[in-house]
Colleague: 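Handing you a structure now.
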Amino acid sequence: MNQLGVVVVAAGKGLRMGTKESKQYLRLNGKPILVHTLEVFNRMQDVDEVVLVVGADDVERCETYVRDFGLTKVKHVIAGGSERQHSVYQGLAALNTDWVLVHDGVRPLIREEDALRCLQGARQSGAAVLAVPVKDTIKIVNEVGVITTTPDRKSLWAIQTPQAFRRLALMAAHEDAAGEGFLGTDDAMLAERAGTEVHVVEGDYTNIKITTPEDLDWAEYLLGKRGAMN
Ligand SMILES: Nc1ccn([C@@H]2O[C@H](COP(=O)(O)OP(=O)(O)OP(=O)(O)O)[C@@H](O)[C@H]2O)c(=O)n1
Ligand SMILES: C[C@](O)(CO)[C@H](O)COP(=O)(O)O
């Protein structure tokens, strides 16, 4: 029993993007960002099913995307919650698989081979996330704008998705966090606080999360470049 499910979370409002339309529905090279993301997992042989978590008002339009773009592995389109963590939990509960990859709908540049290496990392060690070493010097700055410390860059990684776990273990970590009112910005945080050793698998700098307007040009350029290479 090694079934793999993918939770793609896309129920956010995209406030930092500042567009009327939520960022996951903006088009890159003529196709919604979310569709670019889903196509990657739809192509992956190891993936058994995908659950897509979206805003309650967007379920219908996403069901249309699933049909129109032939996203045959997307078995469920469901409504998410007010925080990313709540949306992920809804997705986990809709699956029935042993393993799960949790991925942001707004990371359309994920490469199949990196997602697969993340999964293999988790299958070997229990839990794994894609990440890249931080290139800048990072400072801890206090509330009045003064630097207090400079952490050693050697130990700093920028964490991405997908993040891979045993599904039931991640659900238990979510339930524990929810019971204590803890909100994390990624799933690894919840697994870490539940005592799971989460391993880092080196990913790729191009797996950006589309967050602010300048990310759109960069993503369109990268998608175009990949298309030209295929
Ligand atoms: N309640 C939420 C919040 C976020 N997400 C999803 O989590 C991913 C990463 O979140 P982020 O980039 O922060 O997206 P938003 O919350 O939409 O952006 P912002 O914080 O700027 O409003 C996105 O695919 C987003 O749609 C979600 O499914 N449910
Ligand atoms: C999960 C994540 O994409 C890892 O980098 C990130 O933590 C999401 O954070 P956000 O606060 O929702 O942007």
Side-chain angles (χ1 to χ4, degrees), residues 6-26 28 32-41 50-59 61-62 65 74 76-95 100-110 114-115 118 122 127-136 138 156-165 170 173-174 177-178 182-193 198-216 218-219:
V6 181
V7 174
V8 173
V9 281
K13 292 192 166 34
L15 298 178
R16 286 170 286 180
M17 182 60 73
T19 45
K20 193 157 170 264
E21 176 87 298
S22 299
K23 60 185 178 180
Q24 55 272 38
Y25 302 109
L26 299 177
L28 288 180
I33 288 172
L34 180 57
V35 172
H36 283 285
T37 305
L38 291 167
E39 284 182 338
V40 177
F41 294 99
V50 176
V51 53
L52 172 60
V53 188
V54 298
D57 294 340
D58 297 313
V59 171
R61 91 152 109 175
C62 287
Y65 288 167
V74 180
H76 323 267
V77 181
I78 62 172
S82 58
E83 301 289 340
R84 182 185 184 280
Q85 185 172 317
H86 304 140
S87 299
V88 173
Y89 187 76
Q90 297 302 323
L92 295 172
L95 286 171
V100 67
L101 289 178
V102 180
H103 188 69
D104 293 328
V106 293
R107 286 189 191 267
L109 284 144
I110 179 63
D114 292 332
C118 179
V129 300
L130 279 186
V132 284
V134 165
K135 295 189 212 178
D136 294 326
I138 303 291
L156 293 174
W157 290 72
I159 302 301
Q160 305 177 341
T161 66
Q163 303 194 345
F165 307 90
L170 183 59
H174 268 257
F182 178 87
L183 269 184
T185 53
D186 75 346
D187 297 284
M189 274 174 86
L190 310 188
E192 290 156 39
R193 69 186 287 287
V198 183
H199 290 247
V200 159
V201 172
E202 187 159 355
D204 189 86
Y205 287 100
T206 60
N207 180 23
I208 59 168
K209 181 162 74 66
I210 296 180
T211 307
T212 50
E214 63 278 6
D215 297 329
L216 294 170
W218 181 218

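The first residue in the sequence is number 1, and the count goes up from there. Because the structure is predicted, anything quoted here is derived from the model rather than measured. Indexing begins at 1, ligand by ligand and atom by atom, following the structure's order.
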Colleague: Looking only at heavy atoms, is any part of Lys13 under 4.0 Å from ligand 1, and if so is it the side chain, the backbone, or both, or is it neither?
Modeller: backbone
Colleague: Can you report which non-hydrogen protein atom sits closest to atom 9 (C) of ligand 1, along with the distance?
Modeller: Asp104 OD1, 3.5 Å
Colleague: With side chains defined as the heavy atoms from C-beta onward, is the minimum distance between His86 and Leu183 less than 4.5 Å?
Modeller: yes
Colleague: When you compare the side chain of Asp215 with that of Val106, does any pair of heavy atoms fall below 4.5 Å?
Modeller: no
Colleague: Tell me which protein heavy atom sits closest to atom 13 (O) of ligand 2, plus the residue, atom name and distance to 0.1 Å.
Modeller: Lys209 NZ, 2.6 Å
Colleague: Using a strict threshold of under 4.0 Å (side-chain N to carboxylate O), is an ion pair present between Arg84 and Asp187?
Modeller: yes
Colleague: Taking atom 22 (O) of ligand 1 as the point of reference, which of Thr212, Val7, Leu15, Thr37 owns the nearest heavy atom?
Modeller: Leu15
Colleague: Determine the minimum heavy-atom distance between Gly105 and Ala10, stating which atoms define it.
Modeller: CA-CB, 4.4 Å
Colleague: I'd like the name of whichever of Gly105, Gly55, Gly12, Gly80 reaches closest to atom 4 (C) of ligand 1 through any heavy atom.
Modeller: Gly12
Colleague: Is Thr211 in polar range of ligand 1, meaning some N or O pair under 3.5 Å apart?
Modeller: no
Colleague: Considering only heavy atoms of Ser82, which atoms of ligand 1 have at least one such atom less than 4.0 Å away?
Modeller: 1 (N)
Colleague: Which atom pair, heavy atoms only, marks the closest approach of Ile78 to Ala94?
Modeller: CD1-CB, 4.1 Å
Colleague: Give me the residue, atom name and distance of the protein heavy atom closest to atom 28 (O) of ligand 1.
Modeller: Ala11 N, 2.8 Å
Colleague: For ligand 2, find out whether one of its N or O atoms is nearer than 3.5 Å to an N or O atom of Arg84.
Modeller: no
Colleague: If you apply the rule side-chain contact (heavy atoms from CB on, under 4.5 Å), what do you find for Val102 with Leu170, and how did you get there?
Modeller: CA-CA 10 Å; Val102 180; Leu170 183 59; 3.9 Å; yes
Colleague: Checking contacts here: is it the side chain or the backbone of His86 that comes within 4.0 Å of ligand 1, counting heavy atoms only? Could be both or neither.
Modeller: neither
Colleague: With a 4.5 Å limit on heavy-atom distance, are the side chains of Val6 and Pro162 in contact?
Modeller: no
Colleague: If you measure from each non-hydrogen atom of Lys209 to ligand 1, which part falls under 4.0 Å: side chain, backbone, both or neither?
Modeller: side chain
Colleague: Among all the protein's non-hydrogen atoms, which is closest to atom 13 (O) of ligand 1, and how far away is it?
Modeller: Arg16 NH2, 2.8 Å
Colleague: Any donor-acceptor pair under 3.5 Å linking the side-chain atoms of Glu21 with those of Thr19?
Modeller: no
Colleague: Trp157 and Val134: which non-hydrogen atoms are nearest, and at how many Å?
Modeller: C-CG2, 3.8 Å
Colleague: Please name the pair of heavy atoms, one in Val51 and one in Gly91, separated by the smallest distance, quoted to 0.1 Å.
Modeller: CG1-O, 3.5 Å
Colleague: List the closest protein heavy-atom neighbour of atom 15 (P) of ligand 1: residue, atom name, distance to the nearest 0.1 Å.
Modeller: Gly14 N, 3.7 Å
Colleague: Can you pull out the closest protein heavy atom to atom 1 (N) of ligand 1? Residue, atom name and distance to 0.1 Å, please.
Modeller: Gly81 O, 2.9 Å
Colleague: Check each of Asp186, Ile159, Asn207 against atom 5 (O) of ligand 2 and report the one with the nearest heavy atom.
Modeller: Ile159
Colleague: Find the distance between OG1 (Thr206) and CZ (Arg107) and round it off to the nearest 0.5 Å.
Modeller: 11.0 Å
Colleague: What part of Ser87 sits under 4.0 Å from ligand 1 if we count only heavy atoms: the side chain, the backbone, both or neither?
Modeller: side chain
Colleague: With heavy atoms of Thr161 as the reference, note each atom of ligand 2 found under 4.0 Å away.
Modeller: 1 (C)
Colleague: Considering only protein heavy atoms, which is closest to atom 24 (O) of ligand 1, and at what distance to one decimal place?
Modeller: Val9 O, 2.8 Å
Colleague: In the protein, which heavy atom is nearest to atom 3 (O) of ligand 2, and how far is it?
Modeller: Asp104 OD2, 2.6 Å
Colleague: Against heavy atoms of Glu83, which atoms of ligand 1 measure under 4.0 Å?
Modeller: 1 (N), 2 (C)
Colleague: Is it the side chain, the backbone, both or neither of Arg16 that has a heavy atom closer than 4.0 Å to ligand 2?
Modeller: side chain
Colleague: For a quick test of reading the model, state the closest non-hydrogen atom pair linking Ala79 to Val59 and the distance between them.
Modeller: N-CG2, 4.2 Å
Colleague: Give the atoms of ligand 2, by number and element, whose distance to some non-hydrogen atom of Arg107 is under 4.0 Å.
Modeller: 2 (C), 3 (O), 4 (C), 5 (O)
Colleague: I'd like to check Leu26 versus Met17 (side-chain heavy atoms, cut-off strictly below 4.5 Å). Are they in contact?
Modeller: yes
Colleague: Which ligand 1 atoms are under 4.0 Å away from a heavy-atom of Lys23?
Modeller: 11 (P), 12 (O), 14 (O), 17 (O), 18 (O)
Colleague: Are Ile33 and Leu216 close enough that some pair of their side-chain heavy atoms sits under 4.5 Å apart?
Modeller: yes
Colleague: Does any N or O of ligand 2 fall below 3.5 Å from an N or O anywhere on Thr185, backbone included?
Modeller: yes
Colleague: Indicate yes or no: at least one non-hydrogen side-chain atom of Val7 is less than 4.5 angstrom from one of Leu101.
Modeller: no
Colleague: Identify the closest protein heavy atom to atom 2 (C) of ligand 1: which residue and atom is it, and at what distance?
Modeller: Arg84 N, 3.4 Å
